[in-house]
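Below is one structure; the comments refer to it alone.
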Amino acid sequence: FEELIDFFSEENINKMNKEIEEGTFSLEENLIIECNKQEPIIVFEKTTEQELEDLKQEGFNEQQLKVIQSNYPIVNIAGPGSGKTKTLIEKIIVEVREIDDLKNLLVLTFTNAASNEILERLGKKFNVELDRRDYYSGTYHGIFYKLMKENHEKLKLFGFTNSPKILDDNENKHLFESIAYTILDKEAKLKKKAIKENFEQEHGFMPIEIYYQINNIINAIPKSIKDIKERVKEHSKSNNENELKNIENIVHQFFKFKIENNLFGFSDILMYMNFLLEKDKDFKETLQNKFKHILIDEYQDTNPIQAKILN
């Protein structure tokens, strides 16, 4: 990522603009030249002549074949319905010469359906039925949770005593609101509806707004839970010191309860994965050595904290 950021520096942009004016610019050539300067991260064996011919017969065009045969870091940019996922699957098939090679691949998708398709096609190639639990092909949340579950003792660093269970979004939201109403009104459970009707007027904020702020802050890469509490207060509409203390206490109790009860919300998976990579050098190096290739479907949907984890 850093090399590509350097590639789009002001100096290079000016150079490319000049080439565009002169009609000599090729984005593809420039990207390939830049990537080839770096030590290849993803190295694929060339397809055999027969495999290449088979791919052509299946309808893969020249650009798709370049992606499939590439031996340098690559971003595949193409329009909807043009076969990006299909091309990614073929790239994996070319790389996996032995079924055990698949265990060295980190394949991230945004749907379980895409992940299932990848494993199904690989299973057909080797004439075996592949179990997703044995490989690292799936969604960001699913794979990162799996990696932390396999190394759950590392989470003691944050106070967890066992492998966390996952709360779905409704459960996580309900937990947050229950904590908020309990802190602010002991009878909240009995008159929740009545409280909601005049809650903002009485307390200066709505719990659900704070809940969504927390998720947005996590996606923007917080440094710590303390950092989340400070950012939530900064985003608050309130200037009242007592209201700000209540907000901080609610956020604090929300994370404290989940740690004490070994629970993850979906956004917590990304947050703790990032914290763990930052704080545990051994965990980071284990994963760096474990995965020889990283392939990502629908990369444009990757958010800042997901990109940071990959980097």
| request: Rounded to the nearest 0.5 Å, what's the gap from NE2 on His293 to CG on Leu106? Could you check? | output: 11.5 Å
| task | Output yes when Glu230 and Lys223 qualify as a salt bridge under the 4.0 Å nitrogen-oxygen rule, no when they do not. | result | no
When the side chains of residues 155-168 are checked against the rest of the protein, which donor-acceptor pairs come out under 3.5 Å, sequence neighbours left out?
unit_1 : atom_1 : unit_2 : atom_2 : d
Thr161 : OG1    : Asn262 : ND2    : 3.1
Asp168 : OD1    : Asn170 : N      : 3.1
Asp168 : OD1    : Glu171 : N      : 2.8

| Within-4.5 Å side-chain heavy-atom neighbours: Leu102 and Leu119 | yes
| field | Side-chain heavy atoms of Tyr272 within contact of Ile259, under 4.5 Å | value | yes
| Yes or no on side chain to side chain contact (heavy atoms under 4.5 Å, CB included) for Leu105 and Tyr135, after CA distance, side-chain angles and deciding distance? | CA-CA 8 Å; Leu105 266 62; Tyr135 303 98; over 6 Å; no
| Nearest heavy atoms of Lys173 and Tyr212, plus distance in Å | NZ-OH, 3.2 Å
| query | Between Asp131 and Asp134, is there a donor-acceptor pair closer than 3.5 Å when you use the side chain of the first and the backbone of the second? | reply | no
| So, do Glu150 and Thr286 sit near enough that their side-chain heavy atoms are less than 4.5 Å apart? | no
| Value rounded to 0.5 Å, distance of CD1 in Ile309 from CG in Leu276 | 10.0 Å
| query | Taking atom CD1 of Ile89 and atom CD of Glu120, what is their separation to the nearest 0.5 Å? | reply | 9.5 Å
| query | How far does CG of Asn76 sit from NZ of Lys91, to the nearest 0.5 angstrom? | reply | 9.0 Å
| message | Please check this pair: side chain of Asn261 against backbone of Phe257, looking for a donor-acceptor N/O pair closer than 3.5 Å. | response | yes
| request: Would you check, one step at a time, whether the test side chain to side chain donor-acceptor pair (under 3.5 Å) holds for Glu209 with Gln213? | output: CA-CA 6 Å; Glu209 292 176 2; Gln213 277 181 20; 5.6 Å; no
| task | Would you check if Leu108 and Thr302 make a side-chain contact, meaning some heavy-atom pair closer than 4.5 Å? | result | no
| query | Does a side-chain heavy-atom distance below 4.5 Å link Val232 with Ile247? | reply | yes
| message | As a quick check of understanding, evaluate side chain to side chain contact (heavy atoms under 4.5 Å, CB included) for His141 and Leu270, giving each step before the final call. | response | CA-CA 7 Å; His141 292 83; Leu270 300 178; 3.7 Å; yes
| message | Tell me whether Lys229 contacts the main-chain N or O of Val251 through its side chain, where contact means a donor paired with an acceptor under 3.5 Å. | response | no
| Counterpart residues, side chain to side chain donor-acceptor pair (under 3.5 Å), relative to Lys154 (two or more places apart) | Asp280, Asp282
| said: A side-chain contact here means heavy atoms from C-beta on lying under 4.5 Å apart; do Glu58 and Glu90 qualify? | reply: yes
| Is a donor on one side and an acceptor on the other found under 3.5 Å between the side chain of Lys146 and the backbone of Arg133? | yes
| message | What verdict does the side chain to side chain contact (heavy atoms under 4.5 Å, CB included) test give for Ser236 and Glu243, after you've listed the backbone C-alpha separation in whole Å, the side-chain angles of each residue and the deciding distance to 0.1 Å? | response | CA-CA 9 Å; Ser236 171; Glu243 288 173 0; over 6 Å; no
| note | For Met148 and Ile269 the tightest heavy-atom approach is CE-O, 3.2 Å
| How far apart are the closest heavy atoms of Lys233 and Leu244, and which atoms are they? | CD-O, 3.6 Å
| field | Interatomic spacing from CG in Asp268 to CG in Asn215 - rounded to 0.5 Å | value | 8.0 Å
| said: Please check if the number of heavy atoms outside Gln288 that lie under 6.0 Å from its CD is greater than 12. | reply: yes
| Lys84 to Tyr299, cation-pi by 6.0 Å centre distance and 45° axis angle | no
| field | With sequence neighbours excluded, residues passing side chain to side chain donor-acceptor pair (under 3.5 Å) with Asn172 | value | Tyr211, Lys258
| What closest approach, in Å, do Asp169 and Phe266 show between heavy atoms, and which atom pair accounts for it? | N-CE1, 4.0 Å
| task | In plain terms, say whether Lys245 and Glu241 are close enough for a salt bridge, that is, a side-chain N and a carboxylate O under 4.0 Å apart. | result | yes
| task | Decide yes or no for Leu52 and Gln69: does some side-chain heavy atom of the first lie under 4.5 Å from some side-chain heavy atom of the second? | result | yes
| note | Contacts of Asp54 meeting salt bridge (charged side-chain N to carboxylate O under 4.0 Å, His left out) (sequence neighbours excluded), chain-then-number -> none
| query | Out of curiosity, Ile210 CD1 to His235 NE2, how far, rounded to the nearest 0.5 Å? | reply | 10.5 Å
| Any His152 side-chain heavy atom under 4.5 Å of Lys149 side chain | no
| Contacts of Phe144 that satisfy ring pair (Phe, Tyr, Trp, His ring centres under 6.0 Å) - sequence neighbours left out | Tyr140
| field | Crowding at CG, Asn239 (>12 non-hydrogen neighbours, <6.0 Å) | value | no
| query | Which heavy atom of Ser115 sits nearest a heavy atom of Ser137, and at what distance? | reply | OG-O, 2.8 Å
| said: Can you list everything that forms a side chain to side chain donor-acceptor pair (under 3.5 Å) with Asn61? Sequence neighbours excluded, please. | reply: none
| said: Under the criterion side chain to side chain contact (heavy atoms under 4.5 Å, CB included), I'd like the reasoning laid out for Lys66 against Gln63: C-alpha separation, chi angles, the key distance, then a yes or no. | reply: CA-CA 5 Å; Lys66 281 185 179 179; Gln63 293 300 318; 4.0 Å; yes
| said: Would the distance check show the side chain of Thr109 and the main-chain N or O of Asp297 forming a donor-acceptor pair, the cut-off being under 3.5 Å? | reply: no
| request: Step through the shown structure and confirm whether more than 12 heavy atoms of other residues, nucleotides or ligands are within 6.0 Å of CD on Gln300. | output: yes
| task | Taking all heavy atoms of Ile228 and all of Pro222, pick out the closest pair and write down the distance. | result | CG1-CB, 3.6 Å
